[in-house]
Amino acid sequence: MAAPAPLLQPDAGARAEIAEFLDAHDGAAVHHLPFTGAAWDELVAREPGRFAAAVTRDDDGRPIGFAQAGRPTTDDRWVAEMVVSGTSVADVGASLLVTLARTIAANGGGRVDLWATEPTPGHVEAATRAAFEPFRTLVQMKRPLPLDEATVRSALDTPDGPLRTRPFRPGHDEDAFLEVNRISFADHPDQWRLDRAELDRTMAEPWFDSDGFLLTEADSRLAGFCWTKEFADLDPPEGEIHVIGVHPDFGGRGLGRALVVAGLAHLASRGMGVAMLFVEGDNDAARALYTKLGFDITRTDRAFTRTIEPR
């Protein structure tokens with residue numbers, strides 16, 4: 001086995017080789033970073049200092065481990081992941097991450113959040129040996145659609161009357177949404193960071209549909225929102241509760257549950273057969289709500305973090 005080697009600007013041939021390795025080991029299904037496809041090519045092609053990778057090969061030159069990190073254009077933090085074949089995850093993974101850290105240091109350093117989907121003890125050991133510390137747990141939950149009509153009626157009948165929603169209006173609702181998002185996610189590690197530039201980029205994505213971005217108002221103000229996302233190419237088609245938030249001024253009115261149910265009803269009306277969402281592992285209240293609405297845990301992701309000094 002060769003020592004891990006940095007991979008900063010892989011050409012088309014190298015990208016195809018890594019993509020084949022990742023696909024063979026389910027790496028393309030991890031989702032935290034775009035390992036393959038057009039989004040991955042765009043990440044790799046970004047200006048220097050925003051992408052770093054390392055690859056380990058066997059004695060025949062075939063990849064047996066790959067790690068990468070990227071920095072979103074609006075955030076100086078790096079997001080990293082790795083895929084290792086075979087059973088030597090701790091050894092191969094630790095050396096990969098050390099090489100990746102050196103490459104990041106040479107590109108300005110900074111905070112690095114390493115994500116692992118359903119991590120094994122080997123993943124945890126690799127992260128620890130590379131000086132990463134446990135940081136965050138993210139839980140994926142799913143349930144079939146549609147909900148029964150009684151659940152929908154009960155949830156939408158809030159103490160202030162029937163929930164009324166309307167679609168997000170591009171060019172009109174951005175500022176109000178960003179303010180409610182910032183306040184309602186003030187304690188969240190990431191979501192509060194969303195700014196206008198990133199929102200505009202997201203709305204330019206092919207998947208964005210303003211009809212699935214539901215807003216509710218109270219006292220002539222934006223009180224909350226439920227932003228959904230569709231994966232119609234899956235079998236069965238799957239819809240996501242992408243982001244849901246309620247302004248603290250309107251807490252205790254049942255809006256959170258009502259907005260979730262409104263989002264689920266919308267996804268069902270669009271032909272989605274399964275609903276999915278992610279929730280922080282320590283958000284007991286939200287997990288309890290989703291469990292009551294019939295969601296089950298289907299996956300657990302863990303993040304490890306480290307700050308790397310530049311060199």
Side-chain angles (χ1 to χ4, degrees), residues 1-10 14-15 17-36 40 43-44 49-72 75-139 189-190 281 299-311:
M1 180 180 73
L7 191 66
L8 288 177
Q9 290 291 324
R15 294 203 298 274
E17 178 190 43
I18 295 300
E20 182 178 359
F21 165 73
L22 294 170
D23 288 340
H25 297 86
D26 204 27
V30 178
H31 300 308
H32 294 293
L33 271 179
F35 271 119
T36 57
W40 190 60
L43 174 69
V44 172
R50 293 201 171 272
F51 175 81
V55 60
T56 298
R57 302 178 183 275
D58 63 16
D59 293 337
D60 294 322
R62 295 171 298 198
I64 59 172
F66 176 74
Q68 71 174 21
R71 288 197 294 184
D75 193 338
D76 286 335
R77 290 183 302 165
W78 297 80
V79 180
E81 288 187 313
M82 71 174 179
V83 174
V84 177
S85 65
T87 58
S88 301
V89 176
D91 292 335
V92 174
S95 59
L96 263 174
L97 292 175
V98 168
T99 299
L100 184 68
R102 291 172 181 158
T103 305
I104 291 172
N107 282 273
R111 173 174 160 177
V112 184
D113 293 343
L114 169 70
W115 282 95
T117 295
E118 297 291 351
T120 66
H123 288 91
V124 176
E125 182 179 346
T128 301
R129 286 165 56 179
F132 284 84
E133 298 180 350
F135 162 55
R136 186 178 169 196
T137 299
L138 200 61
V139 175
D190 290 317
R299 174 176 132 194
T300 300
D301 298 349
R302 290 186 64 189
F304 306 83
T305 191
R306 173 184 173 186
T307 297
I308 298 174
E309 296 297 325
R311 65 173 176 84

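Start at 1 with the first residue, then count along the sequence.
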S.K.: Check whether Trp78 reaches the backbone of Gly109 with its side chain - one donor and one acceptor, N or O, closer than 3.5 Å.
M.R.: yes

S.K.: Can you tell me how far CH2 of Trp115 sits from CZ of Arg136, rounded to the nearest 0.5 angstrom?
M.R.: 4.0 Å

S.K.: When you measure from the side chain of Asp58 to the backbone of Asp60, do you find a donor-acceptor pair of N or O atoms at a distance under 3.5 Å?
M.R.: yes

S.K.: Are the side chains of Thr56 and Phe66 in contact, using a 4.5 Å heavy-atom criterion?
M.R.: no

S.K.: Heavy-atom distance under 4.5 Å between the side chains of Arg302 and Leu114, does that happen here?
M.R.: no

S.K.: What closest approach, in Å, do Leu97 and Ala126 show between heavy atoms, and which atom pair accounts for it?
M.R.: CD1-O, 3.9 Å

S.K.: What distance separates Glu81 CD from Thr117 OG1, expressed to the nearest 0.5 Å?
M.R.: 6.0 Å

S.K.: Report yes if some heavy atom in the side chain of Phe304 is under 4.5 Å from a heavy atom in the side chain of Asp113; otherwise report no.
M.R.: no

S.K.: So, are Arg57 and Glu17 salt-bridged, with charged N and O less than 4.0 Å apart?
M.R.: yes

S.K.: Applying side-chain contact (heavy atoms from CB on, under 4.5 Å), name anything that partners Ser88, two or more places apart in sequence or on another chain.
M.R.: Val92

S.K.: Between the side chains of Asp91 and Arg129, is the shortest nitrogen-to-carboxylate-oxygen separation below 4.0 Å, so that they form an ion pair?
M.R.: yes

S.K.: Rounded to the nearest 0.5 Å, how far apart are CZ of Arg15 and CD1 of Ile18?
M.R.: 11.5 Å

S.K.: I'd like to know if the side chain of Thr305 reaches the main chain of Phe135, judged simply by a donor and an acceptor atom lying under 3.5 Å from each other, with no hydrogens or angles considered.
M.R.: no

S.K.: Please give me the minimum heavy-atom distance between Gly281 and Val139, naming the atom from each residue.
M.R.: CA-CG2, 4.0 Å

S.K.: Taking C-beta and beyond as the side chain, do Pro6 and Thr99 meet within less than 4.5 Å on heavy atoms?
M.R.: yes

S.K.: Are any of the side-chain heavy atoms of Val112 and Arg77 separated by less than 4.5 Å?
M.R.: no

S.K.: Can you confirm whether more than 12 heavy atoms, excluding those of Glu133, are under 6.0 Å from its CD atom?
M.R.: no

S.K.: Is there a donor-acceptor pair under 3.5 Å between the side chain of Arg311 and the backbone N or O of Arg102?
M.R.: yes

S.K.: Atom CG in Leu100, atom CD1 in Ile308: separation rounded to 0.5 Å?
M.R.: 7.0 Å

S.K.: Restricting to non-hydrogen atoms, name the atom on Val89 and the atom on Val84 that form the minimum distance, rounded to 0.1 Å.
M.R.: CA-CG1, 4.0 Å

S.K.: Can you name the closest pair of heavy atoms from Arg306 and Ala130 and give their distance?
M.R.: NH1-O, 2.9 Å

S.K.: Is there side-chain contact between Thr137 and Thr300, with heavy atoms separated by less than 4.5 Å?
M.R.: yes

S.K.: Could you pull out the closest heavy-atom pair between Ala52 and Ile104, with the gap in Å?
M.R.: CB-CG1, 4.1 Å

